[in-house]
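Just the heavy atoms: all of them, side chains too, but no hydrogens, waters or symmetry mates, feed the values below.
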Amino acid sequence: MCFLCDLKQRSPDAPAAGPWQARRAFLLAASAAAAAPAMAQVDVGKASSMRKLVPAETIEKAGAQQFVATVQEAKKQNALMPADHPQTKRLHAIAKKIIPFTAAWNPRAKDWQWQVALINSDQINAFCLPGGKIAFYTGILNKLQLSDDETAMIMGHEMAHALREHARERLAKSSATNLGLRLGAELLGLGNLGAVAADMGSQLLTLKFSREDESEADLVGLELAARGAYQPNASVSLWQKMAKAGGGNGIAFLSTHPSGPDRIKQLQANVPKVQGLYEQARRG
């Protein structure tokens, strides 16, 4: 089944998807027909202007390259789950319901070529690279026995990191510091920063975001999932499961997304803000 065809009708003379795309990839465009969402119900403020020190195109290209490398490595190890696997289809269905609301948080998202891959691994992990490249590991779905609602919360959270361009901001700050560059358009050396960012693709998978970044991603992800008709309270049960599964087990996801009571309290306080969005989405 061509997933792209669900969102955008293909012209009669358009070339057929290659075997890799048909069997292994999930490629779609944000729905142009989706109405722009109403005003955001969660408050995360403005995105940091620091991110502008690295061109968006550069960081998105780095994300795409790293995603291809990750998928190819999984494919080499026979760990890339096929498009017709139930869990892969489940992720596709969730993404399809959330993606139409992403452009409200970042206008560039409407042009991103969103992709989702499912990798067979015991790792409790998931990520979304700049440009909308999403990967889940079977471990996070199976070991935590995630419901669709909880899975949507993880996906929304990871999408939010990409939409709020947290990786772009982190790399800009790191590059500027490491290179000793001074702020100022003429003295900044954007070309150097762009080259550094392009060489940091592998770091995108292990990048540790700030507490503020994580809070933003929690709240934006919560709203995205609610607009996609996923139960907001699942954000709380998700992080309760994460906290229980932590226990010093070296979980990859928790190394970059630490859990804790403050995180759960913040989500509990914001669930009522998006409950109406969820109920409206459920009514269609």
Pairwise salt bridge (Lys or Arg N to Asp or Glu O under 4.0 Å) hits with a residue in residues 144-153, at least two apart: Arg90-Asp148, Glu150-Lys241
Worked verdict on Gln266 versus Val271 for side chain to side chain contact (heavy atoms under 4.5 Å, CB included): CA-CA 9 Å; Gln266 177 186 245; Val271 163; over 6 Å; no
Side chain to side chain donor-acceptor pair (under 3.5 Å) partners of Asn142, counting only residues at least two apart: Gln87
Partners passing side-chain contact (heavy atoms from CB on, under 4.5 Å) against Ala152 (at least two apart in sequence or in another chain): Ile94, Ile98, Ala225, Tyr230
Heavy-atom side-chain proximity of Pro130 to Arg168 below 4.5 angstrom: no
Partners passing side chain to side chain donor-acceptor pair (under 3.5 Å) against Asn120 (at least two apart in sequence or in another chain): Thr138
Min side-chain heavy-atom separation Trp112-Thr102 under 4.5 Å: no
Validation row: Gln113, Lys133 side chains within 4.5 angstrom (heavy atoms): yes
Pro82 backbone acceptor or donor facing Thr88 side chain under 3.5 Å: yes
Nearest heavy atoms of Met242 and Ile154, plus distance in Å: CE-CD1, 4.0 Å
Hydrophobic cluster membership, Tyr278 vs Met159, 4.5 Å side-chain cutoff: no
Shortest non-hydrogen contact between Ala126 and Tyr137, atoms and distance: N-CD1, 4.2 Å
Pairwise distance CG(Leu219) to OG(Ser235) - rounded to 0.5 angstrom: 9.0 Å
Any side-chain heavy-atom pair of Phe67 and Cys128 under 4.5 Å: no
Distance in Å, Leu222 CG paired with Gln41 CD, rounded so as to fall on 0.5 Å steps: 11.0 Å
Non-hydrogen atoms of Thr151 and Leu146 that approach each other most closely: OG1-CB, 3.5 Å
Straight-line distance of Asn233 CG to Leu267 CG, nearest 0.5 Å: 10.0 Å
Charged N-O contact under 4.0 Å between Asp262 and Arg211: no
Pairwise side-chain contact, Asn270 with Val274, heavy-atom cut-off 4.5 Å (strictly under): no
Non-neighbouring partners of Lys61 that pass side-chain contact (heavy atoms from CB on, under 4.5 Å), sequence neighbours left out: Gln65
Exercise: identify the closest heavy-atom pair between Ala229 and Lys97: CB-NZ, 4.1 Å
Approximate separation, where rounding is to 0.5 Å, of Lys96 NZ and Leu91 CG: 14.5 Å
Inter-residue atom distance Arg170.CZ - Glu165.CD, 0.5 Å rounding: 13.0 Å
Minimal non-hydrogen separation, Ala160 against Gly221, with atom names: CB-N, 3.9 Å
Any residue meeting side-chain contact (heavy atoms from CB on, under 4.5 Å) with Asp122, in chain and number order, not counting sequence neighbours: Lys143
Those residues that, when tested against Glu57, pass salt bridge (charged side-chain N to carboxylate O under 4.0 Å, His left out) (two or more places apart): Arg108
Pair His157-Glu214, side-chain donor/acceptor within less than 3.5 Å: yes
Donor + acceptor pair across side chains of Glu223, Trp105 (<3.5 Å): no
Least distance between heavy atoms, Asn106 atom then Ala162 atom: ND2-O, 4.2 Å
Salt bridge (Lys or Arg N to Asp or Glu O under 4.0 Å): pairs with one or both residues in residues 266-284, sequence neighbours excluded: none
Pairwise distance CE(Met81) to CD1(Ile119) - rounded to 0.5 angstrom: 11.0 Å
Under the side-chain contact (heavy atoms from CB on, under 4.5 Å) test, residues paired with Glu73 that sit two or more places apart: Lys76, Gln77
Met155 and Phe136, any side-chain heavy atoms less than 4.5 Å apart: yes
Salt bridge Asp218-Arg263, side-chain N to carboxylate O under 4.0 Å: yes
Verify same cluster id: Leu224, Ile134 (apolar side-chain graph, 4.5 Å): yes
Pairwise side-chain contact, Val116 with His92, heavy-atom cut-off 4.5 Å (strictly under): yes
